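Note that this is a predicted model, so its numbers are computed, not measured.
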Amino acid sequence: MRIFRDLLILLVLFGLVWYAFSLWSEPVVQDDFISVEQEEEIAETIQSFILSEFEISSDTSFNTLLDTVRRRLLKGLDTPQYDYSFTLLEGEEINAFCAFSGEIYVFKGLIEECEKPEELAAVLAHEIGHGQKRHVVKNLIRELGITTLTVIISGGDPVIIEQVAKAVISSSFSRKMEYEADDFAFDLLQNANINPQHLTAFFISLQSKKDHFIPEWLSTHPALDKRIERLAAKEKNEDYLEVPIDFKMAQDSI
């Protein structure tokens, strides 16, 4: 009887380990199937579709703020994967998404939701994290296949281009990818002399507004409360020094 009991315990433990592994793991996707140069070609092809879906904002203050944040973050980036660019889009959506080749699109609604420039920098550091880890390429290879992306490089079909562009805009990354981008942002912010807990503060601010719509990209894969918990538990580097972002702007503008 004891042998059967021990065997049953082992089977249960094995089942729990397998279940936990299946929740965390994801298919291994190589990003070197698509070179950075090829990715630039894809970016040029689908950019026109993305910009046809949204209106570029000419808001001078917000564009200046984005440029200030961009330059500050790039100072903390040792080896940029791309020449990152931020494009401001009209819209109340509390969102930003990383596309191909380091192109990051930011809705005005996100800036308006941030209480200070450092919070905006924290969210955009997360998007840079997706870029540095080449999550966009990996995600689309996994979802659409390598053939779909190579078709775009070789000229492209308008239907396929639209499919890829919509997948980029939705930016539904896996749990592991979101954690990787959060961790990358935490380190990048410190390197740029920005308190990394501004990202946690932004998440908490959204979560505390019970009647507020929390965007899908914040609330899933993984759940927002799990991301807050992980970030709050992380420790800053011993040599970290905070330097406020020097941007003069009316308090009621952000």
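Contact of the L65 side chain with the V69 side chain is registered, since non-hydrogen atoms from C-beta on lie closer than 4.5 Å. For the pair K133 and Q81, the minimum side-chain heavy-atom distance is 4.5 Å or more. Counting heavy atoms from C-beta outward, Y84 and Q132 have side chains that approach closer than 4.5 Å. You'll find the side chain of R142 reaches within 4.5 Å of the side chain of N139, heavy atoms only. You'll find the side chain of K234 reaches within 4.5 Å of the side chain of D183, heavy atoms only. The shortest side-chain heavy-atom distance between L120 and F62 does not fall under the 4.5 Å cut-off. Counting heavy atoms from C-beta outward, F203 and D225 have side chains that stay 4.5 Å or more apart. For the pair E178 and H130, the minimum side-chain heavy-atom distance is below 4.5 Å.
Not one N or O on the side chain of S205 forms a donor-acceptor pair closer than 3.5 Å with the backbone of A201. One N or O on the side chain of E118 and one on the backbone of I245 form a donor-acceptor pair closer than 3.5 Å. With hydrogens and angles disregarded, a donor-acceptor distance shorter than 3.5 Å links the side chain of N63 to the backbone of D59. Looking at S48, its side chain never comes within 3.5 Å of a backbone N or O of E44 through a donor-acceptor pair.
The NE2 atom of H126 sits 9.5 Å away from the CG atom of L231 when rounded to the nearest 0.5 Å. Rounding to the nearest 0.5 Å places CD of E55 at 7.5 Å from OG of S57. Summarising the geometry, atom CD1 belonging to I194 is positioned 4.5 Å from atom CZ belonging to R72; distances are rounded to the nearest 0.5 Å. Taking CD1 of I42 as the reference point, atom CD of E40 lies at 10.5 Å (rounded to 0.5 Å). In this structure, NZ in K236 is found 6.5 Å from CZ in F186, a value given to the nearest 0.5 Å. Here the CD atom belonging to E90 is positioned 7.0 Å from the OG atom belonging to S58, to the nearest 0.5 angstrom.
Here side chain to side chain donor-acceptor pair (under 3.5 Å) pairs that include residues 184-201, with residues two or more places apart or in two chains, are Q197-T200.
Heavy-atom minimum distance, L73 versus L189: CD2-CD2, 4.0 Å. Heavy-atom minimum distance, A122 versus A185: O-CB, 4.2 Å. Of all heavy-atom pairs between A99 and I50, the closest is CB-CD1, 4.3 Å.
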Problem set entry | E115 vs F202, side-chain contact (heavy atoms from CB on, under 4.5 Å): CA-CA, chis, key distance, verdict | CA-CA 8 Å; E115 295 184 1; F202 178 76; over 6 Å; no
Exercise. Could you go step by step and tell me if E39 and Y82 meet the side-chain contact (heavy atoms from CB on, under 4.5 Å) rule?
Worked result: CA-CA 10 Å; E39 191 178 340; Y82 311 102; 2.8 Å; yes
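Partners of F184 under the ring pair (Phe, Tyr, Trp, His ring centres under 6.0 Å) rule, at least two apart in sequence or in another chain, do not exist in this structure.
Clustering ILVMFWY residues whenever any of their side-chain heavy atoms sit less than 4.5 angstrom apart, transitively, puts F54 in the very cluster that holds L51. Under the 4.5 Å side-chain heavy-atom criterion for ILVMFWY residues, a single connected hydrophobic cluster contains both L74 and F86. L140 is not connected to F49 by any chain of hydrophobic side-chain contacts under 4.5 Å among Ile, Leu, Val, Met, Phe, Trp and Tyr, and they are in different clusters. Criterion: ILVMFWY side-chain heavy atoms under 4.5 Å apart, direct or through other members. Under it, F97 and I56 are part of a common hydrophobic cluster.
In the displayed structure, E92 atom CD is contacted under 6.0 Å by at most 12 heavy atoms of other residues, nucleotides or ligands.
A salt bridge does not link R175 to D182: none of the charged nitrogens lies less than 4.0 Å from a carboxylate oxygen.
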Acceptor/donor pairs from residues 100-111 side chains to any protein atom, 3.5 angstrom cut, sequence neighbours excluded:
| residue | atom | partner | partner atom | Å |
| --- | --- | --- | --- | --- |
| E103 | OE1 | Y105 | OH | 3.2 |

